[in-house]
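One structure is given here, and the rest of the page talks about it.
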Amino acid sequence: MAEGYMIKRPIEELVRSRISVRNYKNADIEQEVFIKLNRFIGEVLKKYNSNIRIELINMESIKRDKDVKLGTYGVIRGTSHFIAAAVKKKDMNLVDLGLIIEHIVLYATELGLGTCYLAGTFKRSEFSKALELAEDEVLPMIISIGYPKDGLDFIGSFFKLAAGSKKRKPWSELFFNETFERALTEAEAGDFANALEMVRLAPSASNRQPWRIVKEGRKFYFYISRNAVYSKALGFDTQMIDMGIAMSHFQLALEEKGMKGQWCKDNEDLDVSINNITYLISWIND
Ligand SMILES: Cc1cc2nc3c(=O)[nH]c(=O)nc-3n(C[C@H](O)[C@H](O)[C@H](O)COP(=O)(O)O)c2cc1C
């Protein structure tokens with residue numbers, strides 16, 4: 001990526017400090033911050049050669065001093081700024097969307113912005129209009145952005161805010177050693193332990209953390225443990241976005257350490273003994 005529009009802070013610091021921010025300061029986002037964010041969006045889309053359309057939109061119709069009831073859960077207050085993503089219906093790839101957009105969320109965190117993914121029943125028609133959604137496009141989710149009400153200072157308040165708010169499943173429920181029968185310990189994960197910890201801390205719809213990973217040497221098989229009811233309720237498979245988010249944390253944490261690898265599909269028949277767990281993709285480390 002072009003110099004100047006890269007994530008510069010350590011991934012771990014960004015992952016640990018990001019939390020869903022639903023209360024904003026009712027302040028405009030500075031022009032300079034907008035420009036940086038916009039350039040970064042362009043760079044990430046180029047890096048992944050993606051035709052997803054990601055735009056920053058200011059919903060003038062939203063009164064920032066009122067609660068915006070955006071969905072079945074969660075209320076956003078104090079911002080009218082959003083990141084919205086339009087995806088082509090025919091090649092709707094929610095995994096790619098999650099992978100790409102989480103880079104942007106982490107960069108926004110670096111810029112001191114708070115964010116919150118919103119895939120619930122937000123006013124899709126208004127956002128679709130603002131985004132000039134084409135016939136063949138859909139809008140699976142938006143992300144609110146703005147300065148967090150409870151403190152702007154990155155290191156101080158953000159970290160304090162984050163402390164205790166990350167309720168996540170333990171390693172033993174998420175990561176496995178060669179087979180689902182054996183939990184993977186941090187010691188066994190070795191050089192990969194940090195990247196897996198970054199996956200564990202990732203945000204997910206309703207905090208369901210659908211990712212399950214089996215390590216086999218330098219290969220990591222990513223599986224999705226679906227919650228069927230939730231997927232159906234929204235009309236979009238939001239848990240696929242969650243998977244993309246987890247992949248971005250894993251990849252960024254490894255890349256930062258100079259560890260290279262690639263995503264590929266190669267393990268469709270790996271024996272799965274637990275119900276409702278489906279293979280998605282593998283990371284093969286060089
Ligand atoms: C794909 C996706 C969709 C989400 N949709 C909503 C939503 O509609 N409303 C909301 O308040 N939060 C939503 N969230 C935020 C999650 O509830 C939140 O990430 C999770 O509870 C973990 O908390 P944290 O982000 O503070 O770490 C969503 C998150 C993701 C990843």
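As the structure lists them, so they are numbered: ligands from 1, and atoms in each ligand from 1.
Electrostatic pairing of Lys260 and Asp286 does not count as a salt bridge here, judged by no charged N lying under 4.0 Å from a carboxylate O. The residues Glu137 and Arg53 are annotated as salt-bridged, a charged nitrogen and a carboxylate oxygen being separated by less than 4.0 angstrom.
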Working note: His81 + Phe34, criterion ring pair (Phe, Tyr, Trp, His ring centres under 6.0 Å); need CA distance, chi angles, decisive distance, verdict. CA-CA 10 Å; His81 296 289; Phe34 258 124; 5.2 Å; yes
Is there a salt bridge (Lys or Arg N to Asp or Glu O under 4.0 Å) between Arg16 and Glu12? Walk through the geometry before answering. CA-CA 6 Å; Arg16 288 193 186 278; Glu12 176 160 9; 2.8 Å; yes
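Short contacts between ligand 1 and Ser20, defined as distances under 4.0 Å to a heavy atom of the residue, involve ligand atoms 15 (C), 18 (C), 19 (O), 24 (P), 25 (O), 26 (O). Counting the atoms of ligand 1 from 1 in the order shown, those under 4.0 Å from a heavy atom of Asp242 are 1 (C), 31 (C). Counting the atoms of ligand 1 from 1 in the order shown, those under 4.0 Å from a heavy atom of Pro203 are 19 (O), 25 (O), 31 (C). Remark: ligand 1 atoms within the under-4.0 Å shell around heavy atoms of Leu118 are 5 (N), 6 (C), 7 (C), 8 (O), 9 (N), 10 (C). Contact atoms of ligand 1 toward Ile245: 31 (C) (distance under 4.0 Å to a heavy atom of the residue). Close approach to Ile19 involves these atoms of ligand 1, each under 4.0 Å from a residue heavy atom: 26 (O).
Closest heavy-atom approach to atom 17 (O) of ligand 1 within the set Met240, Lys167, Arg22, Arg208: this belongs to Arg22. When the heavy atoms of Ala202, Ala205, Ser206, Gly98 are ranked by distance to atom 2 (C) of ligand 1, first place goes to Ala205.
Under the 4.0 angstrom criterion for non-hydrogen atoms, Arg18 is in contact with ligand 1.
Annotation: Phe176 is not in aromatic contact with Tyr221 [ring centroid separation under 6.0 Å not met].
No donor-acceptor pair under 3.5 Å is formed between the side chain of Lys149 and the backbone N or O of Arg77.
Residue contacts with ligand 1: Arg168 is placed with a nitrogen or oxygen under 3.5 Å of a nitrogen or oxygen of the ligand (distance criterion only). Ligand 1 has an N or O atom lying under 3.5 Å from an N or O atom of Ala119, backbone or side chain.
With sequence neighbours left out, the ring pair (Phe, Tyr, Trp, His ring centres under 6.0 Å) criterion links Phe192 to Phe220.
Trp211 pairs with exactly one of Leu196, Leu280, Leu174 by the side chain to side chain contact (heavy atoms under 4.5 Å, CB included) rule, that one being Leu174.
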